[in-house]
Enquirer: 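Once you've had a glance at the structure underneath, I'll fire off some questions.
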Amino acid sequence: HVISNRQVKDTNKEYESIILLIRNPYDAIIADANRRWTRNHTNLAEIDAFRNYTNWSKLVFRSARNWAKLAETWLRRDKPLIVVKYEDLKSDLVNQMKRVLTFLKVEYSEEKLVCVNNTNQNTFKRNYQVDEENKYDYYYY
């Protein structure tokens with residue numbers, strides 16, 4: 001059973017095991033704002049959309065706090081759990097898939113993992129280069 005953060009209503013529901021896929025909360029907040037303001041998964045909102053949004057700082061703070069609370073809730077569960085970071089999944093798909101499949105006790109072949117890696121076409125990515133050292137400067141002025 002797969003649930004997203006938008007579907008979680010009752011974290012007390014019983015699950016056999018948990019795969020917690022997390023993303024850097026600030027990157028997730030920015031990505032969500034881009035999606036909402038452009039109504040598209042691959043476009044970038046204009047910088048003025050961020051600058052003119054009077055509650056941007058409050059939204060970032062509230063969203064980061066909610067992210068931490070949700071992650072902590074799942075991490076405290078007394079169930080088998082694996083944490084997969086979105087950034088690691090993007091940068092090392094095959095090894096992360098091996099981790100998940102091993103956790104799930106699912107047999108896999110190297111051939112299928114090569115296929116997974118080769119079909120990773122980045123179709124739903126925003127087309128821009130990120131300066132990792134200064135990446136938040138664009139959004140926080």
Enquirer: Where do W67 and R23 come nearest, in terms of heavy atoms and distance?
Expert: NE1-O, 3.1 Å

Enquirer: Grab the two heavy atoms, one from W56 and one from I29, that are nearest each other, plus how far apart they are.
Expert: CH2-CG2, 3.9 Å

Enquirer: Distance-only, no hydrogens or angles: does the N117 side chain make a donor-acceptor pair with backbone N or O of L113 under 3.5 Å?
Expert: no

Enquirer: Verify the cluster assignment for L101 and F103: are they in a single hydrophobic cluster under the rule of side-chain heavy atoms below 4.5 Å apart?
Expert: yes

Enquirer: Taking atom CD of E107 and atom OG1 of T102, what is their separation to the nearest 0.5 Å?
Expert: 10.5 Å

Enquirer: So, do D88 and N95 sit near enough that their side-chain heavy atoms are less than 4.5 Å apart?
Expert: no

Enquirer: Would L104 and I82 satisfy side chain to side chain contact (heavy atoms under 4.5 Å, CB included), going step by step from the backbone distance to the final call?
Expert: CA-CA 10 Å; L104 294 173; I82 184 173; over 6 Å; no

Enquirer: So with a 6.0 Å cut-off around CZ of F61, is the heavy-atom count from everything else above 12?
Expert: no

Enquirer: I'd like to know if E110 and K98 make a salt bridge, using a cut-off of under 4.0 Å between side-chain N and carboxylate O.
Expert: yes

Enquirer: Kindly indicate whether the side chain of L75, heavy atoms from C-beta on, has any atom under 4.5 Å from the side chain of L81.
Expert: yes

Enquirer: Looking at CD of Q96 and NZ of K85, how far apart are the two atoms once the value is rounded to the nearest 0.5 Å?
Expert: 8.5 Å

Enquirer: Could you see if V100 belongs to whatever hydrophobic cluster contains L93? Use Ile, Leu, Val, Met, Phe, Trp, Tyr and a side-chain cutoff under 4.5 Å.
Expert: yes

Enquirer: Are more than 12 heavy atoms from other residues, nucleotides or ligands located less than 6.0 Å from atom NZ of K69?
Expert: no

Enquirer: Taking the side chain from E87 and the backbone from N24, do they hold a donor-acceptor pair closer than 3.5 Å?
Expert: yes

Enquirer: V114 and V106: same hydrophobic cluster, using ILVMFWY side-chain contacts below 4.5 Å?
Expert: no

Enquirer: Would you give the length of the straight line joining atom CG of N55 to atom CZ of R62, rounded to the nearest 0.5 angstrom?
Expert: 8.0 Å

Enquirer: Measure the spacing between CZ of R65 and CG of L70 and express it to the nearest 0.5 Å.
Expert: 13.5 Å

